[in-house]
Structure formats: structure tokens, C-alpha cells
Amino acid sequence: MVEDTNTNLTEDETELYDRQIRLWGIESQQRLRNARVLVIGLDGLGAEIVKNLVLSGVKSVLMLDNKASTSEDSHSNFLIPVEKIGQNRAEASCQRAQNLNPLVSVQADSQLVSEKSDEFFYDFEVVVSCSQDLAQNIRIDNVCRSRSIPFIAAGDYGTFGFSFYDYCEHTYSVEYSSGKKGAEVKTKIETVSYPSMESVFNVNLKDPEVIKKFKRTPPGFFILKVLYKFREEFKRDPTSDEEDLQTLVKFRDALLDGVDYPIENIPDVTFRCVAVGMLSPCCAIIGAVVSQEVIKVVSKKDEPHKNFFFLNPFDLSGSIQSIVPS
């Protein structure tokens with residue numbers, strides 16, 4: 001976590017970030033200025049996050065992606081010019097991302113994330129992983145936890161999306177007052193503990209006390225587990241092909257077998273909403289939420305999300321859910 005806030009902002013930085021400084025203060029902007037962020041996965045969601053972070057004024061953003069860009073990517077990743085389709089996604093996104101803010105260092109890395117050593121992740125204040133499979137996310141999260149590095153995983157599937165947060169032990173400040181006119185604004189310090197991604201996804205859904213909590217919330221966690229299962233089995237995301245849709249329904253039925261949760265909360269039509277590829281408006285929503293959380297965790301200001309954000313595939317409403325192992 002960034003601690004050094006002694007370096008003064010330059011005159012150019014103060015002018016450029018004037019509105020942000022007025023919003024969250026000079027100390028928060030100084031913390032952002034010292035933050036190095038890794039963004040894994042330059043699909044449409046990754047592009048939204050990179051854009052927001054570069055504009056916010058972090059020290060640097062490293063974009064890590066080994067895939068070649070396709071015409072489909074150009075529909076959601078606005079950082080890739082048409083003439084660069086076919087090139088590596090991170091490298092093709094680099095110039096437009098850099099043009100957003102010359103004061104931020106923007107670089108690309110085309111290596112496979114699975115080939116990165118544990119030590120590679122130690123150089124960052126925050127790690128954001130977009131559209132990776134569950135095993136990869138768990139591996140990166142565990143590496144980050146070993147060094148108390150905040151980790152965020154996120155993904156978009158049609159009109160469904162999510163973001164997961166593991167900030168280890170996070171301390172932040174909150175301003176408050178009595179609400180009366182002219183009342184003094186005070187600051188209090190809070191600390192919150194986060195569970196690992198591995199422990200959350202191993203939560204016992206057949207435990208009556210655990211499942212009782214899920215009955216009061218939208219079904220995002222179950223949808224995500226089904227999608228992760230599909231990727232684990234087929235090494236890709238589902239399509240609107242009828243065979244894929246039936247496979248998703250089968251995985252849902254297996255997940256809920258013996259679990260006291262209403263299957264009608266996840267009707268078959270759910271999977272027609274999620275198996276349509278990335279949608280730019282949904283990427284923008286999730287990307288904005290994730291970027292704001294990065295700013296919160298770096299600035300140590302305001303209450304962070306714990307520990308999921310879900311985008312409901314039916315009405316595009318968002319919900320924050322705390323899912324912790326029993």
C-alpha cells in the first residue's frame with residue numbers, strides 16, 4: 001500500500017487534477033500519484049479500468065495481456081485503433097491510453113500471466129485481474145495476500161458482471177458530523193478484514209447458516225460459480241449456442257443439488273443474458289466501480305466495498321454483497 005505522501009505535486013499536476021483535489025483532498029491525490037497499478041486483461045472491461053485510472057493520476061499502469069486483438073475486441077475496447085487489430089491487445093492499447101494523460105506512465109507487457117513469477121506482482125500497490133479463470137485469480141490473490149497487496153478480480157458476461165475485492169487488512173478514514181448546520185466535521189479511522197478468494201469460493205453452500213444469507217440477496221454469486229465452472233471445463237466463455245446454454249443449465253442444477261436455494265431465482269433465461277459476449281455499457285459500469293475502489297484503497301479514504309459487486313443481468317441494478325466463509 002502506498003504510504004509516502006511527502007512528494008509535492010507539480011504545478012502541472014495541481015492544475016490538471018484540480019477538480020479531484022477538491023473532491024478527495026491533496027493527500028489522497030499524492031497517494032494516487034505514487035501508486036503503481038497492474039491491470040491484467042485488456043478486453044473491454046480492462047480498457048475501461050485503464051482509462052479511468054490513467055485519468056485519475058496514478059503513477060503508472062502496466063497492462064498485461066498475451067492475446068492478439070480481434071475485430072470483436074474493437075467493439076468494446078476503445079483503446080485499440082482499427083489499424084492495430086491483430087496486434088497484441090496490451091500493446092495495441094498503449095498509445096491511446098498514454099494520450100489520455102501524459103503525466104502517467106503507461107506500459108504494455110505481452111507475456112502470459114501464468115508465466116509471471118510471484119515476485120513480479122510485488123512491484124505493485126494494486127493488482128486488477130480482468131476476465132481470468134478462477135484458478136488464475138486464486139493464485140494471484142494468494143500471492144498478493146502474502147505481501148498485503150490489494151487484489152481485485154472482475155469480469156463482464158453480457159448483462160451480468162462482477163467485481164471481487166481482497167484488501168487483506170485495510171485501514172481507512174471516514175469523515176462524519178452530527179448533521180446539524182455548522183457542525184464540526186470529524187475524522188474516524190476504521191479497519192476491515194477481507195477473506196481470500198480461495199476461501200470465499202470454497203464456502204459450504206449446504207450449511208444452513210451460510211445459505212440463509214444468500215436467500216436475501218440476488219443470485220450473482222451462483223451465476224458466477226456456474227460461469228467459472230464452464231470456463232474451467234472448456235477453457236473459454238460460453239456463447240449463445242444452444243449446446244452451451246444447456247451446459248450452463250446443467251452446471252446450475254449440479255451446483256444447487258442439495259442446496260436449499262430456490263432454483264427459480266436463476267431461471268434458464270438467465271444464461272441467454274450472460275452468454276452474449278461483452279457489452280460496452282456493462283463494461284463501463286463495472287469499470288467505473290472497480291476504478292473507484294482502486295482510488296479508495298490507494299487513498300485510504302471512505303468505506304470500501306466488501307467484498308463483491310454484482311451487476312444483475314435482468315434489470316442492470318448493482319448490489320454490494322459481503323460473502324465470507326463461515
Side-chain angles (χ1 to χ4, degrees), residues 1-5 31-32 34-42 45-46 49-50 53 58-66 90 105 107-155 162-173 189-204 221 224-225 228 231-232 290-301 303-309 321-326:
M1 182 66 70
V2 177
E3 293 294 346
D4 180 12
T5 60
R31 283 198 169 105
L32 278 174
N34 294 327
R36 296 160 297 182
V37 184
L38 172 64
V39 178
I40 304 165
L42 262 295
L45 177 56
I49 295 168
V50 167
L53 294 179
V58 296
K59 179 178 183 177
S60 65
V61 175
L62 177 62
M63 303 179 294
L64 175 62
D65 195 314
N66 71 298
S105 172
Q107 296 182 319
D109 187 328
S110 60
Q111 189 176 7
L112 267 168
V113 65
S114 59
E115 295 177 354
K116 292 296 186 182
S117 67
D118 291 358
E119 291 75 17
F120 167 77
F121 300 96
Y122 298 167
D123 289 334
F124 302 96
E125 274 67 49
V126 184
V127 173
V128 181
S129 175
C130 298
S131 309
Q132 303 301 306
D133 60 45
L134 179 59
Q136 191 63 251
N137 280 334
I138 286 175
R139 178 243 169 174
I140 299 170
D141 181 41
N142 287 338
V143 171
C144 289
R145 283 182 70 86
S146 72
R147 290 299 180 98
S148 298
I149 299 169
F151 170 76
I152 300 172
F162 83 97
S163 47
F164 164 84
Y165 310 96
D166 179 5
Y167 301 157
C168 308
E169 288 281 326
H170 179 60
T171 300
Y172 61 98
S173 63
I189 304 300
E190 301 279 0
T191 299
V192 60
S193 298
Y194 286 77
S196 69
M197 193 171 200
E198 184 172 24
S199 66
V200 169
F201 276 86
N202 285 330
V203 67
N204 183 10
F221 185 69
L224 181 57
K225 283 182 73 71
Y228 270 147
R231 178 173 278 199
E232 178 187 356
V290 169
S291 304
Q292 186 60 45
E293 283 300 298
V294 173
I295 292 170
K296 284 184 191 177
V297 77
V298 169
S299 67
K300 296 186 176 182
K301 191 170 183 179
E303 183 178 2
H305 290 173
K306 183 185 178 183
N307 50 341
F308 277 94
F309 170 84
Q321 296 181 32
S322 179
I323 300 173
V324 298
S326 57

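Note that the structure is a prediction, hence the values are computed from the model and not measured.
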**Q** How long is the straight-line distance from SG of Cys144 back to CD1 of Ile140, given to the nearest 0.5 Å?
**A** 7.0 Å
**Q** If the condition is side chain to side chain contact (heavy atoms under 4.5 Å, CB included), which residues does Asn202 pass it with, not counting sequence neighbours?
**A** Glu198
**Q** Hey, is Asp123 close enough to Arg36 for a salt bridge, meaning N to O under 4.0 Å?
**A** no
**Q** Output the distance between atom CD1 (Ile40) and atom CG (Leu64), rounded to the nearest 0.5 Å.
**A** 5.5 Å
**Q** Do Asp133 and Gln136 come close enough that some side-chain heavy atom pair is under 4.5 Å?
**A** yes
**Q** Give me the atom names and distance for the closest heavy-atom approach of Cys130 to Leu45.
**A** SG-CG, 4.2 Å
**Q** For Lys225 and Phe201, indicate whether the former's side chain and the latter's backbone hold a donor-acceptor pair under 3.5 Å.
**A** yes
**Q** Ala153 and Met197: which non-hydrogen atoms are nearest, and at how many Å?
**A** CB-CE, 4.0 Å
**Q** So, Ser196 side chain and Ser199 main chain: donor-acceptor pair closer than 3.5 Å or not?
**A** yes
**Q** Within this structure, what is the CD1-CG distance for the pair Ile323 and Leu224, rounded to the nearest 0.5 Å?
**A** 9.0 Å
**Q** Do Met63 and Gln107 have side chains that approach each other closer than 4.5 Å (heavy atoms only, starting at C-beta)?
**A** no
**Q** One pair to check against side chain to side chain contact (heavy atoms under 4.5 Å, CB included): Val58 and Val298. What are the steps and the verdict?
**A** CA-CA 9 Å; Val58 296; Val298 169; 6.0 Å; no
**Q** Indicate the atoms forming the closest heavy-atom contact of Ser129 with Asn137, along with that distance.
**A** OG-OD1, 2.6 Å
**Q** Go through it in stages, so that I can follow the logic: the residues are Val324 and Val200, the test is side chain to side chain contact (heavy atoms under 4.5 Å, CB included), and I'd like the CA-CA distance, side-chain angles, deciding distance and then a yes or no.
**A** CA-CA 6 Å; Val324 298; Val200 169; 5.8 Å; no
**Q** Using side-chain heavy atoms (C-beta onward) and a distance below 4.5 Å, is Lys306 in contact with Tyr165?
**A** no
**Q** Once you round to the nearest 0.5 Å, how far does CD of Glu190 lie from OG1 of Thr171?
**A** 9.5 Å
**Q** Is there a side-chain contact between Val192 and Glu169 (heavy atoms, below 4.5 Å)?
**A** no
**Q** Stepwise, does the side chain to side chain contact (heavy atoms under 4.5 Å, CB included) test hold for Asn66 with Ser110?
**A** CA-CA 4 Å; Asn66 71 298; Ser110 60; 5.6 Å; no
**Q** Minimum heavy-atom separation for Val290 to Ala154, with atom names?
**A** CG2-CB, 4.0 Å
**Q** Determine whether Asn307 and Asp166 make a side-chain contact, defined as any pair of heavy atoms from C-beta on separated by less than 4.5 Å.
**A** no
**Q** If you look at every heavy atom in Gly46 and Val39, which pair is closest and at what distance?
**A** O-CG1, 4.2 Å
**Q** Counting C-beta onward and ignoring hydrogens, is there a side-chain heavy-atom pair between Ile189 and Tyr172 closer than 4.5 Å?
**A** no
**Q** Less than 4.5 Å apart, any side-chain heavy atom of Arg145 and any of Phe151?
**A** no
**Q** Using modelled atom types and a 3.5 Å cut-off, is there a donor and acceptor pairing between side-chain atoms of Glu293 and backbone atoms of His305?
**A** yes
**Q** Do you know the tightest heavy-atom contact between His170 and Pro304?
**A** CD2-CG, 3.7 Å
**Q** Suppose we screen for ring-ring contact (aromatic ring centres under 6.0 Å, His included). Which residues come up paired with Phe164, at least two apart in sequence or across chains?
**A** Phe308
**Q** Taking side chain to side chain contact (heavy atoms under 4.5 Å, CB included) as the test, write out the residues that go with Asp118, two or more places apart.
**A** Tyr122, Arg139, Val143
**Q** Tell me, please, which residues at least two apart from Phe309 pass ring-ring contact (aromatic ring centres under 6.0 Å, His included).
**A** none
**Q** Supply the atom-to-atom distance Ser299 OG to Gln292 CD, rounded to the nearest 0.5 angstrom.
**A** 8.0 Å
**Q** Looking at residues at least two apart in the chain, or sitting in another chain, which of them share a side chain to side chain contact (heavy atoms under 4.5 Å, CB included) with Val203?
**A** Leu205, Val210, Phe221
**Q** Between Val126 and Val297, does the side chain to side chain contact (heavy atoms under 4.5 Å, CB included) criterion hold? Intermediate values first, please.
**A** CA-CA 8 Å; Val126 184; Val297 77; 3.9 Å; yes
**Q** I'd like to check Ile149 versus Val127 (side-chain heavy atoms, cut-off strictly below 4.5 Å). Are they in contact?
**A** yes
**Q** For Tyr194 and Tyr167, take the angle between the two ring planes, folded into 0 to 90°, and tell me which bin it lands in: parallel under 30, tilted 30 to 60, perpendicular over 60.
**A** tilted
**Q** Partners of Phe120 by ring-ring contact (aromatic ring centres under 6.0 Å, His included), sequence neighbours excluded?
**A** Phe124
**Q** Calculate, to the nearest 0.5 Å, the distance between atoms CG and SG belonging to Asp141 and Cys168 respectively.
**A** 7.0 Å
